[in-house]
Amino acid sequence: MRRQKFLRVVASIVLTLSFISPLLSRNQVLPVADAFTARNLMYGSQGYDVYELQNRLHFIGYYHGKIDGVFGWKTYWSVRNFQSQFGLPVTGFVSLKTKQKLVAASAGWRYPSAAKSGRHGTTRSFTSSTGPIPTASGLSQSDLQLMQHVVYGEARGEPFEGEVAIAAVILNRLRDPRFPHTVPGIVYQPGAFTAVADGQVNLQPDAQAMRAVADAVNGWDPSHGAVYYFNPATATSAWIWSRPQVLKIGKHIFCR
Amino acid sequence: MLHRTTWFAIPIVGLVLIGSGVGWWGYNQYQQRQALALQNENQYNSDFHALANDMDRLQKELGKSLVSGDSTAFQAHLRNIWRLGYAAETEVGKLPFDLMPMHNTQKFLSVVSHQTDTWMDTGASPARADVHNKLEQMYSQAGNLSQSLARIQGQVLSNQVRWQAVNQALLKNQRDNQVVDGFRRMDTATTAFVESQDSPSSLQRGKSFALAKQPDVSQAAATQAVRSLLNLPSTTQLKAQKTQSGAYRPEYIVTGTTPSGPLTATVSADGGHVLSFNIRHVPKTGDYDFAAAEDKAHHWLAVHGFPAVELMQSNQFDGIGYFVYAPKRPDASLVISQGIAMKVALDSGSIVGYDANNYYYYPVTNVPPRKYSVAALRAKLNPNFKVGMERQVVVLDEHQHYQPAVAFYGTGNRETYCVYMNANTGKELSIEQLS
C-alpha cells in the first residue's frame, strides 16, 4: 500500500518534470520566436540548429540538398540566397536577425516528431565522430580512409604526433615530383610502406588514426617536410641511412 | 615368415604413404608459390618494358616537335608528349620503391609534363627560341634515359634477371648487380628540378629561404618565445631540440607539458618566430559553440600581433574546430597563400593548435599591378559557372611568384568551385573544387 503511494508520487514528479523541462530549456536557450538556440551558425557548424535551418530553408524552397545537420556549401549558398531575397546583408552567416526572418518566413514548419524527442540533447551529439573529415585539400574521402589505414598499420602505439607525421609524409610525397601523383599510387608503390607489404594495412584502424589524418590535412606537419621515414631497429636498407635526417618521433626517424 | 614381413611392411607402407602425401602437398605449395612469384615478376617486367617503350616513344615525339613548324600540329605533338610522359610516370610508380634512381626519371617526366602543359595553355609557338631550346634539352635528356633503359632492358632479357634479385642487391647495397649499376648510371643523367604542385590555398607547402637572413636565435630564446606566446606559467618545464641537418631550414622543436595538455611547438632558428604549436587534446564531453570558437581563434590572432585577417575555411571533426585565416593587405586583398591555421577544442573552447608556416615562409614581396577590374574578369568566366561571391586576393602561382587575382566562388554542375583569375594578365590561374 505504502509502496504504491510512493510510486504514484514518483510518477507524478516525473510527469510534471517532463512537462516543465522543455519549457525551462526553451526559456533558457530560445530567444527567437519558439525556434533555434542562441547559437550563430556559419560554414562548418553542425548539429540540431543546422538541421532546423536546413529544414526551414527547405520548407520555403531555398534548400534542395541533403538535410544532414552539417552546414556545407549548399547550405551556405541557400542562406545567402535567402538573405538577398529578404533584404538582409548577404554574408552567409546566420545571426539572430537572419534566424528571426527565417522563422517568420517559415512559420508553418514544425519539428517532425522523430527529431523532437532528441531535440533537447546537446547540439554536438547529433553528429557522430565517424563522419567525413571536411577538407578543402582536394582529397577524396577514400584517399583519407586509405591514409587512415596506413597510419594505423605503420604507427599504432606510436605517440600521436608520430601518427600525424606518417599522414604528413604521404601528403609531402603527393607534392614531390619524385613520387606518384595520387594517394593510392603512393600507398601501393611496391615496397614503399612495410604495412602494405605485410598486409597490416588491411587491419581495422581506430578513431585516433582518423584524428591524426584530420590534423595532417588541416595543416599540421610534425615531420617538417620529410618524405621518408624508417624504424632504425628494423630497417634493412643501407640506402635509407644515407638520407639527410630531420628528426626522430617515437621509434621512427624522418628524413628527406 | 609371412607374419614377420607383414609386421615390417605395415609401418613402411604407412611411412611411404604419409611421405608421398606430404611430398605431394609440399610440391603443390611450391608450385603455387612459384606461380605467384612469377606473376609478380611478370607484373614488374610488364611495367618496366612498358616504361622503356614509352620513354623511347617520348623521345621520338620530342624529336618530331623539334622539326614541326605548323603551330596546330605542334600542339598535337605537345599533347602526345604530355600523354606519354604521364603514362611513363605511372609505370615508374609501379616499379620497386627501392630503385631510387627511378626517382630522378620520375622527376624528369614530371618536368616534361608540366612544361608541355604550360605550353599548351599558352598556345606556345614552335618558332619561339626559349621553347625550342627547352625542347632540345628535354630531347637530349630523354635520349640519355631511353638509351640507359634500353641497355638495362637488354641485360634483363639476356641474363634473365629477376626483379626480386635486383631488390635484394639494392638492399645489400651490392655493386656487382648489372641492373642496379645501370640504374645508378641513369641517376646521374638527369638534372634536379623541383616543382610544386600546390594549389593557391594549400596549407602544407615547403619552406622557403625568406627567413634565412634573420639572425639565429638560441635555444633559450626559442623556449622563451613559446612561453610568451602561450602565456605559460614559469613552472611549466619546456625542452628545446634543434632539427637535424636534413631539415630544409633549421628549426627548434619545443616540447613540454602545459596545464591544458602536452605541447609541441616549432620555432624558426632564423629570427625565432613561433611557426606552429599543437596541444594534445583528449576530447571530453562538452558543448562549445562553433561560431564562438571561431571568434576566439580570430581574437587570439589579433591579440598576438598578427595583422588583420579574414576567415577562409572553417570546419570541424571529432570535437575540434579547424579554422584558416588569410592576412589582409592595406588594399583589403587577402593573401590566400599565407593561410594561418587554428585549432579550437569544442569542449572547452581553448586554442589547441596554430600553424603559421606559410605566413612566415612566404612573405609577400612583389605583386604585379592589377590591370583588370573584377567586372572585366567576371565577363571572362564560363557562363555556366554561377558566381555567388568574389574576393580580391593575392596568391602564389606555380612558379612561386605572388599574383594579384580575384577569387570567384560559385556553382557549376551542382558543385561549388573557386576560380582564381589573374588580375594582371586576365588569365585563369587555378580552379579549386570546394564541395
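Within every chain, numbering begins at 1; the chains are lettered A, B, ... in the order of the sequence lines, protein sequences first and strands thereafter.
A:P244 approaches B:G246 most closely through the heavy-atom pair CB-CA, 3.5 Å. Shortest non-hydrogen contact noted between B:F317 and A:M210 is CZ-CG, 3.7 Å.
A:Q46 contributes atom CD, which lies 3.5 Å from atom CD of B:Q316 (distance to the nearest 0.5 angstrom). Expressed to the nearest 0.5 Å, how far CG of A:D215 lies from CD1 of B:I320 amounts to 6.5 Å. With rounding to the nearest 0.5 Å, the separation of CG in B:L311 from CZ in A:F93 is 10.0 Å. For the atom pair CG of A:D221 and NZ of B:K207, the computed distance is 6.5 Å after rounding to the nearest 0.5 Å. Note: B:D289 CG to A:N40 CG = 6.5 Å, rounded to the nearest 0.5 Å. For the atom pair CG of A:D49 and CZ of B:F290, the computed distance is 13.5 Å after rounding to the nearest 0.5 Å.
With a 4.5 angstrom heavy-atom cutoff, A:F71 does not touch chain B via any of its atoms. Proximity to chain B involves both the backbone and the side chain of A:Q245, based on heavy atoms less than 4.5 angstrom apart. The part of B:Y86 that comes within reach of chain A is its side chain, from C-beta onward, which places non-hydrogen atoms under 4.5 angstrom from that chain. Neither the backbone nor the side chain of A:N81 comes within less than 4.5 Å of any heavy atom in chain B. With a 4.5 angstrom heavy-atom cutoff, A:W77 touches chain B only via side-chain atoms. Both the backbone and the side chain of A:A168 come within contact range of chain B, with heavy atoms under 4.5 Å apart. Proximity to chain A (any heavy atom under 4.5 Å) is shown, for B:L109, by neither the backbone nor the side chain.
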Notebook entry, point to check: Checking side-chain contact (heavy atoms from CB on, under 4.5 Å) for the pair B:Y248/A:V246: CA distance, chi angles, key distance, verdict?
Noted result: CA-CA 9 Å; B:Y248 195 75; A:V246 182; over 6 Å; no
Checklist line | Test log, rule side-chain contact (heavy atoms from CB on, under 4.5 Å), inputs B:T266 and A:H224 | finding: CA-CA 9 Å; B:T266 54; A:H224 291 246; 3.2 Å; yes
Margin query: Applying side-chain contact (heavy atoms from CB on, under 4.5 Å) to B:T416 and A:K74, what does each step give before you reach the verdict?
Written below: CA-CA 8 Å; B:T416 297; A:K74 284 204 171 98; 6.0 Å; no
Margin query: Checking B:Y409 against A:W73 for the side-chain contact (heavy atoms from CB on, under 4.5 Å) test, could you report, in this order, the C-alpha distance in whole Å, the side-chain angles of both residues, the deciding distance, and whether it holds?
Written below: CA-CA 10 Å; B:Y409 295 79; A:W73 280 105; 4.0 Å; yes
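Within a 6.0 Å radius of CZ in B:F385, more than 12 heavy atoms belonging to other residues, nucleotides or ligands are found. Shown here is B:H298, whose NE2 atom has more than 12 heavy atoms of other residues, nucleotides or ligands within 6.0 Å.
Looking at B:S314, its side chain does come within 3.5 Å of a backbone N or O of A:Y43 through a donor-acceptor pair.
Here the side chains of B:M389 and A:Y76 are in contact, with some heavy-atom distance below 4.5 Å. The side-chain heavy atoms of B:N315 and A:N218, taken from C-beta on, include a pair separated by under 4.5 Å.
Within residues 248-256 of chain A, the residues having any heavy atom closer than 4.5 Å to a heavy atom of chain B are A:K248, A:R256, listed by residue number.
Interface check for chain A: of the options B:D355, B:T243, B:N278, the most heavy-atom pairs under 4.5 Å are formed by B:N278. Highest contact tally toward chain A, considering only B:K242, B:E251, B:E415, B:Q241, is held by B:E251 [criterion: heavy-atom pairs under 4.5 Å]. No other option in B:G410, B:A341, B:G388 has as many heavy-atom pairs under 4.5 Å with chain A as B:G388.
Using a 4.0 Å cut-off between a side-chain N of Lys or Arg and a carboxylate O of Asp or Glu, A:D176 and B:K107 do not qualify as a salt bridge.
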